[in-house]
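The structure presented is a predicted model; accordingly, all values stated were derived computationally and were not measured. To find a chain, count down the sequence lines: A is the first, B the second, and so on, and within it residues start at 1. Side chains are part of it too, since the values below use all heavy atoms of this structure and drop only hydrogens, waters and symmetry mates.
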Amino acid sequence: MINKVRGTQDILPARLLDKTDAQIERWNLVEGAAREVFRLFGFDEIRTPIIEKTELFERGVGTETDVNKEMYTFEDRDGQSVSLRPESTASVVRAYIEHGLFNQPGLVKLYYIGPQFRRERPQKGRYRQFGQIGVEVLGQSDDPAIEAEVIEMLDLYFKKLSITGIEILINSIGDENCRPAYIARLKEAISERLSNLCGNCRGRYETNPLRVLDCKVESCQPYLSELPTITDSLCKACRDHFDQFKQMLDERGIPYTIAPRLVRGLDYYSRTAFEITGSQLGAQNTIVGGGRYDGLSELIGGPPVKGFGFAFGIERMILSLPENIVDARASAPTIFIAYIGDEARRHSFALARRLREAGITTVVDLEGRKLKKALAVANNLSARFALIIGEDEIHRGSYALRDMTTGEQKEVTETELVNNLNGR
RNA sequence: GCGGCUAUAGCUCAGUUGUUUAGAGCGCGUGACUGUGGAUCACGAGGCCGUGGGUUCAAGACCCACUAGCCGCCCCA
């Protein structure tokens, strides 16, 4: 027996599976609501390849980040190093540049839906192949109204899915003008407390001091709270940008929490960083992560482009969904045709064809089962009605229509059937 | 990458201090019921006890390794 690759999963229809987190109905709900809501805000879909040249991610994501170390990278037959995408922002920006979309007037607003790959240790809400839905706003503007509208869109999306108990965390991590000076101050403050911090923090002091702020180790907390926050070190432009952003969220009535120690893992972020956390996810409580990445285009060899976007994990969104939000029977057939005898069997196939042409979801017994067994199958499929066809019915020109919920049965002609059930 | 827990039928799980033929419920199949599902009853099929090694007269059980799942760390979606 060959099993699925570690950290991957099969998504099955709810009827055939008990687990709620791998039901295709839930996936379709999460994806469908995204398409619907994003469309309302004028976003268009983009699909980019699952593999890209490794270089794109090395430059876009950063060589020293963990995401980069977790990539599935291999050499193609011609010697080109390619990688399964660990995230999609770099790909979308690449496509934006490659297709000259910077010549479009105004902002280009795109969303994507698809699998991403990271070779991590799997656990709840964390897979090696995982679904992500994201949006990117690209163009020449960094107006904080972009941030505010995107978060408003997420707010509507969560409402659409009846997900409650989430928290929106926002921060500004400055830009190339004010961040270097802040990092210098931060390093100085950390070095004074270095011996009190955990081993991880001591390592990050060298490689990525901003991440020290994010440390969750209990013993570090008292020292972390003494460190200077970036909020106090922002240059005027960044501070104004952040203030306007917050004001716009206030005006929209969207509640948020300022998280001065929130930083993002990838190298390309600047100014706005945000996360949305949920309560049902165990250790992986971040559902949405996003931010501004004004320098990314240039990092991968493109013209100056400003960008803001987010991505969320489909599996984590599904874990956050209310228990009974999908009706597993929504896709059940309207009619199941059961027949007795060869003549009725042929008649049934022809009738099924006409019913489907009329838009009625129809399943015919293909196995020549006895009536009893055929009805049991209809029951198992949660069919609304069973249509029973024998020689009597054919000669009479009407069939026995059995309501599978009540057990009531009545005679109907084909015309009555089509008129009453059209489109069901 | 690190630590902990777990792995027995399609699913959920029992299986005692190591002993002959490994069990239950649900699900599945057949029948009671020749053209009527769900309820009930009877019967039945279905197991390399995760994989490999070790201890022992004897291993589903004990030991080791590996694999996978879950939980935590790290990181992130």
Side-chain angles (χ1 to χ4, degrees), chain A residues 1-9 12 15-19 21 30 61 64-70 85-89 112-134 198-201 203-204 208 211 214-218 262-266 275-278 281-290 309-320 336 338-341 344 365 369-393 399-409:
Chain A
M1 173 61 194
I2 299 169
N3 299 310
K4 66 187 188 306
V5 169
R6 184 172 199 196
T8 63
Q9 41 172 4
L12 273 62
R15 191 172 66 77
L16 302 178
L17 185 80
D18 293 333
K19 272 172 69 180
D21 56 341
V30 164
V61 177
E64 291 310 310
T65 61
D66 289 282
V67 168
N68 196 281
K69 290 169 193 155
E70 293 158 354
R85 63 183 183 202
E87 55 107 40
S88 284
T89 299
Y112 58 85
I113 297 178
Q116 319 288 336
F117 304 84
R118 291 182 202 171
R119 202 183 180 294
E120 291 183 276
R121 182 98 163 233
Q123 56 180 270
K124 184 178 189 177
R126 191 170 80 184
Y127 301 90
R128 289 183 173 183
Q129 175 178 336
F130 61 100
Q132 227 176 41
I133 297 180
C198 69
N200 249 316
C201 284
R204 284 189 289 224
N208 196 345
R211 297 223 52 106
D214 215 18
C215 183
K216 270 108 191 157
V217 174
E218 194 62 43
L262 170 69
V263 297
R264 308 251 74 230
L266 310 182
E275 276 183 12
I276 298 180
T277 57
L281 300 166
Q284 271 64 50
N285 71 337
T286 303
I287 307 175
V288 187
F310 68 77
F312 62 78
I314 298 180
E315 289 85 351
R316 291 183 188 181
M317 197 61 79
I318 285 170
L319 287 171
S320 306
F336 185 97
Y339 48 79
I340 300 115
D365 173 37
R369 288 172 171 271
K370 289 184 194 167
L371 181 59
K372 192 179 178 58
K373 299 299 172 193
L375 286 174
V377 171
N379 191 52
N380 182 252
L381 293 175
S382 303
R384 291 248 321 270
F385 300 101
L387 195 66
I388 299 163
I389 305 179
E391 282 179 38
D392 299 352
E393 281 81 359
Y399 316 109
L401 183 70
R402 182 180 180 82
D403 185 310
M404 292 300 284
T405 312
T406 63
E408 284 167 28
Q409 207 162 299

How long is the line joining [atom1] of [X] and [atom2] of [N], in whole Å?
{"X": "A:Ile276", "N": "B:C76", "atom1": "CD1", "atom2": "P", "value": "17 Å"}
{"X": "A:Arg126", "N": "B:G72", "atom1": "CZ", "atom2": "P", "value": "10 Å"}
{"X": "A:Phe312", "N": "B:A77", "atom1": "CZ", "atom2": "C1'", "value": "10 Å"}
{"X": "A:Met317", "N": "B:C76", "atom1": "CE", "atom2": "C1'", "value": "15 Å"}
{"X": "A:Arg6", "N": "B:U51", "atom1": "CZ", "atom2": "C1'", "value": "15 Å"}
{"X": "A:Asn3", "N": "B:G50", "atom1": "CG", "atom2": "C1'", "value": "9 Å"}
{"X": "A:Gln123", "N": "B:C70", "atom1": "CD", "atom2": "C1'", "value": "9 Å"}
{"X": "A:Leu319", "N": "B:C70", "atom1": "CG", "atom2": "P", "value": "11 Å"}

Practice prompt. Return the 5'-most residue of the pair A:Glu275, A:Val5 with respect to RNA chain B, ranking by each residue's nearest nucleotide.
Written response: A:Val5

Worksheet item: Can A:Phe130 and A:Gln132 be said to form a side chain to side chain contact (heavy atoms under 4.5 Å, CB included), step by step?
Response: CA-CA 7 Å; A:Phe130 61 100; A:Gln132 227 176 41; 3.4 Å; yes

Between [M] and [N], how far apart are the [atom1] atoms? Round to whole Å, please.
{"N": "B:G27", "M": "B:A22", "atom1": "P", "answer": "25 Å"}
{"N": "B:C76", "M": "B:C64", "atom1": "C1'", "answer": "34 Å"}
{"N": "B:C2", "M": "B:A58", "atom1": "P", "answer": "36 Å"}
{"N": "B:U20", "M": "B:A59", "atom1": "C1'", "answer": "14 Å"}
{"N": "B:G25", "M": "B:C66", "atom1": "C1'", "answer": "33 Å"}
{"N": "B:A24", "M": "B:G69", "atom1": "C1'", "answer": "24 Å"}
{"N": "B:G47", "M": "B:G23", "atom1": "P", "answer": "14 Å"}
{"N": "B:U67", "M": "B:U51", "atom1": "P", "answer": "15 Å"}

Item to complete: Identify which nucleotide among B:A77, B:C73, B:G1 has an atom closest to any side-chain atom of A:Arg118, counting heavy atoms from C-beta outward.
Response: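 Output: B:A77.
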
Worksheet entry | Check: A:Leu387 and A:Arg402 side chains under 4.5 Å, non-hydrogen atoms |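 No. Closest side-chain heavy atoms not under 4.5 Å.
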
Item to complete: Taking the side chain as every heavy atom from C-beta outward, state whether A:Ile340 and A:Lys370 have any atom pair closer than 4.5 Å.
Response: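 A side-chain contact under 4.5 Å is absent here.
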
Is there a donor-acceptor pair under 3.5 Å between the side chain of [X] and the backbone N or O of [Y]?
{"X": "A:Tyr339", "Y": "A:Arg369", "result": "no"}
{"X": "A:Thr8", "Y": "A:Lys4", "result": "no"}
{"X": "A:Arg118", "Y": "A:Arg128", "result": "no"}

Item to complete: Take atom CD of A:Glu391 as the centre, draw a 6.0 Å sphere, and report whether it contains more than 12 heavy atoms from other residues, nucleotides or ligands.
Response: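 Not more than 12 within 6.0 Å, no.
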
Discussion item. Any salt bridge linking A:Glu120 with A:Arg126? Criterion: basic side-chain nitrogen under 4.0 Å from a carboxylate oxygen.
Written reply: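 Counted as a salt bridge, because a side-chain N and a carboxylate O are separated by less than 4.0 Å.
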
Worksheet item: What do the steps show when you test A:Met404 against A:Asn379 for side chain to side chain contact (heavy atoms under 4.5 Å, CB included), and what is the final call?
Response: CA-CA 7 Å; A:Met404 292 300 284; A:Asn379 191 52; 4.1 Å; yes

Worksheet item: Has A:Phe130 got its ring stacked on B:A77, by the test of a centre gap below 5.5 Å and a plane angle below 30°?
Response: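 Stacking is present between B:A77 and A:Phe130, given that their ring centres fall under 5.5 Å apart and the planes under 30°.
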
Discussion item. Output one letter per nucleotide in nucleotides 30-39 of chain B: B when a protein non-hydrogen atom lies under 4.0 Å from the base, S when only the sugar-phosphate is that close, - when neither is.
Written reply: SS-B-BBBB-

Worksheet item: Using Watson-Crick and G-U wobble pairs whose two distances are both under 3.5 Å, how do you write the pairing of RNA chain B as dot-bracket, with | for links to another strand?
Response: (((((((..((((.........)))).(((((.......))))).....(((((.......))))))))))))....

Worksheet item: Side-chain donor or acceptor of A:Glu120 under 3.5 Å from a matching atom on the base of B:A77?
Response: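 A donor-acceptor contact between them is present.
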
Discussion item. Should the side chain of A:Arg121 and the base of B:C76 be counted as holding a donor-acceptor pair, with the cut-off at 3.5 Å?
Written reply: no

Worksheet item: Regarding A:Glu315 and A:Gln9, is there a side-chain donor-to-acceptor distance under 3.5 Å anywhere?
Response: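 Judged by distance alone, the side chains do pair up.
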
Worksheet item: How is A:Gly7 classified with respect to the nucleic acid when contacts are heavy atoms under 4.0 Å: base, sugar-phosphate, or nothing?
Response: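 Sugar-phosphate, backbone atoms only, no base.
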
Practice prompt. Evaluate side chain to side chain contact (heavy atoms under 4.5 Å, CB included) for A:Leu381 paired with A:Arg15, printing each intermediate quantity in order.
Written response: CA-CA 8 Å; A:Leu381 293 175; A:Arg15 191 172 66 77; 3.6 Å; yes

